[in-house]
S.K.: 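One structure follows; several queries about it will come next.
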2 protein chains.
Amino acid sequence: MATIGDVAKYAGVSRSTVSYALSGNRPIKPETRDRIQQAIQVLGFTANAGARALATSKTWIMGLIVPFTPEEFAPATLGYVLGVSESARDLGYDVLLVTRKEGDSGIARITESGLVDGVILLDVKRHDDRIHSLRMARQPSVLIGIPEDETSMDCVDLDFFAAGRMLVEHLHALGHRAVLFLTLPEQLFEQDLGYAWRFREAVSRTSAQLGMTVHEVAGDSEPEARAREIGAALDRYPDVTALLAHNDGALVDLPMVLQDRNLRVPQDLSVVSLFPERFGRMFSVPYTAIETSATAVAERAVRLLAQRIERPETPAIRELIAPVIIDRGSSALPRQP
Amino acid sequence: MATIGDVAKYAGVSRSTVSYALSGNRPIKPETRDRIQQAIQVLGFTANAGARALATSKTWIMGLIVPFTPEEFAPATLGYVLGVSESARDLGYDVLLVTRKEGDSGIARITESGLVDGVILLDVKRHDDRIHSLRMARQPSVLIGIPEDETSMDCVDLDFFAAGRMLVEHLHALGHRAVLFLTLPEQLFEQDLGYAWRFREAVSRTSAQLGMTVHEVAGDSEPEARAREIGAALDRYPDVTALLAHNDGALVDLPMVLQDRNLRVPQDLSVVSLFPERFGRMFSVPYTAIETSATAVAERAVRLLAQRIERPETPAIRELIAPVIIDRGSSALPRQP
DNA sequence: CTGAAAGCGCTTACAG
DNA sequence: CTGAAAGCGCTTACAG
């Protein structure tokens, strides 16, 4: 491979001049610049990443920590991964992917070795050990999700509390007073995932305030069990007039389950939900819902991290993205008893 | 951050001794080794990745090129990404993720700068421009998928031709003579994706050899259109006794579509398919099928690349993973007319 | 507007 | 069994 020395020799200048021409950090005489440009072309020169990182202490790589919990929903996760990657490239960064098996040690490894300039953490838990590793690191980090103790941590997320509240208020405004709430798989709560808890808390608090009855059904991650649970719950609570489904997997089976019981939407049962936008494009989920935009969240997170890398000392930011309901006509006035 | 010099000073040895203790590349007196170990502990030393890469010309990073075609199926793609990441870590490598927007230039960027030791390419097309960039690179690469011209390229993939043939033969053996073949979204064929074409070709060739009639239905990527197409095709070809569905998105809607038409599986219609294993765990797809194991393919690809990185000159390998049918009882003798 | 030189933090032949 | 030194390929103060 051609080095900066080869380019310098070919262009008849010093290595420092080539370097400055590359970085634009000092004015170069136009003709000199042209000669250098040509030399670069001819020799096919690209600066060595390791050498540059060593000299500048900057790698232009962001670490992305993704646990890939098996119970989580692939299209959602993928949306974040893709969003982070594309946004990072827009700002000149590459993305190093660190997945589950390693857990905590992965963060230490990529930060302590100086492999990355910063870290984005996905699937933040309410009490997340990994945040300790992030605080120890000399590189900045941004969380996608909100932990219990967010002191001095930059966080970005959809406002899942507002989302839960909005959906309950939406049903309440239509006149619904008894709602079936299909939650995420229990494992996700056990894993202490912030968004799962915040959404559920919003639903239970808001419904309590508004005097609504909410029957919770723990959404399974296993398809057959899930369908059975939904059916059983509909039998158990004949008073419910609406279904609030926060379970991506279940949404796909829902049309079938409801049809099996001859329940028309929205005449017999209103259905509202929350799911990733990618999901709606891939499957038939004809329900009024809040669409979580991984792209928007990822983009904000990457921007924030890039800013932090440049100016580490500004105070931590918490950015909640306001949810928006897309009306697909699956909610209406409750059926008359 | 502590450098190797700090460790050397603390342990009272030279930097080279610390380096050799780290690499194990020459014997070190046990007591010396212990002192060094302790110094590393106390100072919290981790070797700088850039410096090491510069000195050794090895980054321990594999590039993973993933186009993330929107028509493709998230669980499938995610399976490969996750599989590559985990397998790479097992061998000591990190993974740098390069996604669509950049396309071709991304490969040049990460190889020419020496950022990666090798590249894994996903979603290989039959005629894939990116392979040219890979051939130009000084680092080795492995394709997940088989291009038309695989000269001197390492390739790993599920044997999609064998898969298509197996499923057709399976139906033929049961006595089916007219089959509806629901293909992947047309866009994937237009994108020239190898696996889409190979599977389809296997289906059409095998059925021709066996004297079977195959009606193709172009699977849409848009959910509503897809369901309509399936229904229309079932009406159009009343002679079909079996459905061969190679369309992940459609599989989820299928139970509903078939129920709408009062078609029982397998009494009225046999259904066989091919889908990623992750998919079956997430959704209810009760069909006899070949399960594509992204994990297995990814693991082979990573191993192959690691070998290439160590010994670049051995001849190129093509590794096709034999498909296996999982019987879920959705195929039976054809209904009597 | 440009060059010579030091330095980033490692590894590894060379020497003992 | 260990050390001193050169070198990997960049960047950037220092000097002119």
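In what follows, chains are A, B, ... by sequence order, proteins preceding strands, each numbered from 1.
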S.K.: Check this for me: A:His132, atom NE2, are more than 12 non-hydrogen atoms of other residues, nucleotides or ligands nearer than 6.0 Å?
M.R.: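 No.
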S.K.: Should we say atom CD of A:Glu148 is surrounded by more than 12 heavy atoms from elsewhere, each under 6.0 Å from it?
M.R.: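 Yes - once you tally the heavy atoms of other residues, nucleotides and ligands closer than 6.0 Å, there are more than 12.
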S.K.: With a 4.0 Å cut-off on heavy atoms, is B:Ser57 in touch with a base, just the backbone sugar-phosphate, or nothing at all?
M.R.: nothing
S.K.: Under the salt bridge (charged side-chain N to carboxylate O under 4.0 Å, His left out) rule, what do B:Arg135 and B:Asp149 come out as? Steps first, then yes or no, please.
M.R.: CA-CA 12 Å; B:Arg135 289 188 204 275; B:Asp149 175 15; 3.7 Å; yes
S.K.: Can you tell me how far P of D:dT2 sits from CG of B:Asp34, to the nearest Å?
M.R.: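 For the pair B:Asp34 CG and D:dT2 P, the rounded distance is 11 Å.
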S.K.: With sequence neighbours left out, write down each residue that passes salt bridge (Lys or Arg N to Asp or Glu O under 4.0 Å) with B:Arg15, or none if nothing qualifies.
M.R.: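 Per chain and number, B:Arg15 pairs via salt bridge (Lys or Arg N to Asp or Glu O under 4.0 Å) with no residue.
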S.K.: Assign a letter to each nucleotide of nucleotides 9-16 of chain D from its 5' end: B, base within under 4.0 Å of a protein heavy atom; S, sugar-phosphate only; -, no contact.
M.R.: BBBBBB--
S.K.: Just by distance, do the side chain of B:Arg308 and the backbone of B:Pro140 share a donor-acceptor pair under 3.5 Å?
M.R.: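 Here the side-chain-to-backbone pair does not exist.
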S.K.: Using the criterion of both pairing distances under 3.5 Å for Watson-Crick and G-U wobble pairs, give all stems of 3 or more consecutive pairs involving DNA chain C.
M.R.: C:1-3 with D:14-16, C:5-12 with D:5-12, C:14-16 with D:1-3
S.K.: Under 3.5 Å, side chain of B:Asp157 to main-chain N/O of B:Asp159, donor-acceptor pair present?
M.R.: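 No; zero donor-acceptor contacts below 3.5 Å.
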S.K.: Just by distance, do the side chain of B:Ser85 and the backbone of B:Val81 share a donor-acceptor pair under 3.5 Å?
M.R.: no
S.K.: Taking A:Asp34 for its side chain and A:Glu31 for its backbone only, find out whether a donor-acceptor pair lies under 3.5 Å.
M.R.: no
S.K.: Starting at CD1 of B:Ile28 and ending at P of D:dT2, how long is that distance when rounded to a whole Å?
M.R.: 6 Å
